[in-house]
J.: 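Let me begin by handing over the structure; questions about it come next.
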Amino acid sequence: MANDAQSPADAVRVNDLHLRLTSAAGPVHVLRGIDLRVSVGETVSVIGPSGSGKTSLLLVIAGLERPTSGSIIAAGNEITRLDEDALALFRRDNVGLVFQDFHLVPTMTAIENVALPLEFTGHDDAFARAEAQLSTVGLAARGGHYPAQLSGGEQQRVAMARAFVTEPAILLADEPTGNLDGETGRAVIDVLFEMHARRNSTLLLVTHEVSVADRCARQIHLVDGRIANDTRNAPASTAAPKAGP
Ligand SMILES: Nc1ncnc2c1ncn2[C@@H]1O[C@H](COP(=O)(O)OP(=O)(O)O)[C@@H](O)[C@H]1O
Ligand SMILES: [Mg+2]
């Protein structure tokens, strides 16, 4: 659908976004006027101090948290105008979300976890596609394992397979390596970028690791609910992480 507010090359467009929440200590003005335009296929890291609103920004773009005011156009949908049912469909069809703690269903095997979103969409080949997706994250042999039988890095790869098996246009990752050691974390980020490249999907990645942020083409620095800095990395730095000392 044509929309004057969004060029066809925009995956996400956020205008004057505010989020106010109420905590035990009183009202919190979490997002304070965010303006952001992300092109299709772009990789954007979101950095900033704890409490600056990084998770909240991802949640409103994912349609999981409703903003207090402002607009969000994501994958062509003005999501602030959608009712709960339409919002659930928007999420199912357009958004893949990965968290720091993997959120796998503990009573389901790896393959059952990955097949879950496909079953919601009524695919009859859900298991075949889940199997293929598990092998793209290097876990073809682990489909029958339960989350508790997998390492942290393996669980995160299952979570990514589940988030991206529906081939969403928008990939959102909130500190996906936060619970992993350095080497395991790097392998997880490799998988994330492979998935991004496979479909030219748009990636927004919250991280506190400079080496991870450097792999994105663009970096957004949130401070106190506002974008303090929006910079582009040199093209070469998107190809591979810089060698450490
Ligand atoms: N559900 C909530 N209710 C009240 N305040 C919240 C809620 N979620 C987050 N906040 C507050 O919003 C601010 C931003 O939180 P968050 O988006 O989680 O930041 P970050 O991910 O950058 O650490 C913090 O001050 C936090 O305490
Ligand atoms: Mg956070």
Side-chain angles (χ1 to χ4, degrees), residues 11-38 42-74 79-80 82 84 87-88 90-91 95-104 152-153 155-156 159-160 162-164 168 170-182 184-186 188-189 192-193 196 202-216 218-231 233:
V12 176
R13 178 131 186 206
V14 169
N15 287 309
D16 197 22
L17 187 74
H18 288 261
L19 175 67
R20 290 184 176 84
L21 296 171
T22 310
S23 72
V28 194
H29 197 168
V30 179
L31 299 175
R32 302 170 173 238
I34 302 271
D35 291 296
L36 176 64
R37 196 168 174 164
V38 181
E42 215 173 359
T43 54
V44 181
S45 65
V46 181
I47 61 164
S50 178
S52 58
K54 305 180 298 295
T55 295
S56 302
L57 179 61
L58 285 202
L59 292 179
V60 289
I61 291 172
L64 284 167
E65 182 89 71
R66 282 204 188 264
T68 310
S69 64
S71 72
I72 306 161
I73 300 166
I79 64 172
T80 41
L82 302 180
E84 287 307 319
L87 204 52
F90 158 79
R91 286 196 299 266
V95 178
L97 187 54
V98 178
F99 301 94
Q100 178 171 341
D101 39 12
F102 324 117
H103 289 301
L104 296 174
Q155 289 183 57
Q156 189 58 299
M160 287 193 291
R162 180 183 59 182
F164 307 145
I170 301 173
L171 312 183
L172 304 173
D174 191 1
E175 304 201 35
T177 62
N179 281 336
L180 304 173
D181 66 55
T184 309
R186 272 188 293 281
V188 158
I189 296 295
L192 190 58
F193 277 85
H196 150 75
T202 303
L203 173 64
L204 271 84
L205 167 60
V206 173
T207 183
H208 58 267
E209 291 173 68
V210 175
S211 64
V212 173
D214 277 351
R215 293 180 67 173
C216 294
R218 181 175 167 196
Q219 187 171 105
I220 285 168
H221 190 181
L222 278 192
V223 177
D224 206 15
R226 293 188 182 89
I227 295 178
N229 251 305
D230 184 345
T231 55
N233 290 335

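Numbering of ligands and ligand atoms starts at 1, following listing order. Being a predicted model, the structure only gives us computed values, none of them experimental.
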J.: Do me a favour and list the nearest non-hydrogen protein atom to atom 22 (O) of ligand 1 with residue, atom name and distance?
T.: Lys54 NZ, 2.8 Å

J.: Which heavy atom of the protein is the closest neighbour of atom 18 (O) of ligand 1, given with residue, atom name and distance?
T.: Thr55 CB, 3.7 Å

J.: Return yes when at least one protein heavy atom is under 4.0 Å from atom 6 (C) of ligand 1, and no when none is.
T.: yes

J.: To the nearest 0.1 Å, how far is atom 25 (O) of ligand 1 from its closest protein heavy atom, and which atom is that?
T.: Gly51 O, 3.9 Å

J.: For the pair Glu84 and Arg66, evaluate salt bridge (Lys or Arg N to Asp or Glu O under 4.0 Å) and give the outcome as yes or no after the intermediate values.
T.: CA-CA 10 Å; Glu84 287 307 319; Arg66 282 204 188 264; 3.1 Å; yes

J.: List ligand 1 atoms under 4.0 Å from Ser56, heavy atoms only on the residue side.
T.: 15 (O), 16 (P), 17 (O)

J.: Does the shortest distance from the Mg ion (ligand 2) to an N/O/S atom of Ser50 fall below 2.8 Å?
T.: no

J.: Nearest 0.5 Å, what's the CG-CG distance between Asp214 and Asn233?
T.: 5.5 Å

J.: Less than 4.0 Å between a side-chain N and a carboxylate O, is that true for Asp174 and Lys54?
T.: no

J.: Indicate yes or no: does an N/O atom of Leu21 lie under 3.5 Å from an N/O atom of ligand 1?
T.: no

J.: May I ask whether atom 27 (O) of ligand 1 is less than 4.0 Å from at least one protein heavy atom?
T.: no

J.: Do Val28 and Leu19 make a side-chain contact, defined as non-hydrogen atoms from C-beta onward lying under 4.5 Å apart?
T.: no

J.: Quick one: which ligand 1 atoms are inside 4.0 Å of a heavy atom on Pro49?
T.: 22 (O)

J.: Between Leu57 and ligand 1, find which residue part has any heavy-atom pair under 4.0 Å and reply side chain, backbone, both or neither.
T.: neither

J.: Could you tell me if the side chain of His196 sits less than 4.5 Å from the side chain of Leu203, heavy atoms only?
T.: yes

J.: Glu209 vs Thr177, test: side chain to side chain donor-acceptor pair (under 3.5 Å). Steps then yes/no.
T.: CA-CA 9 Å; Glu209 291 173 68; Thr177 62; 2.7 Å; yes

J.: Ligand 1 versus Val30, non-hydrogen atoms closer than 4.0 Å: side chain, backbone, both, neither?
T.: side chain

J.: Hey, does Ile227 have a side-chain heavy atom less than 4.5 Å from the side chain of His221?
T.: no

J.: Mind checking the CD1-OG1 spacing from Ile170 to Thr202? Nearest 0.5 Å is all I need.
T.: 6.5 Å

J.: Is any side-chain heavy atom of Leu205 less than 4.5 Å from a side-chain heavy atom of Val44?
T.: no

J.: May I ask you to check if ligand 1 and Gly53 share an N or O to N or O distance below 3.5 Å?
T.: yes

J.: Side chain or backbone, does Ser23 bring an N or O within less than 3.5 Å of an N or O on ligand 1?
T.: no

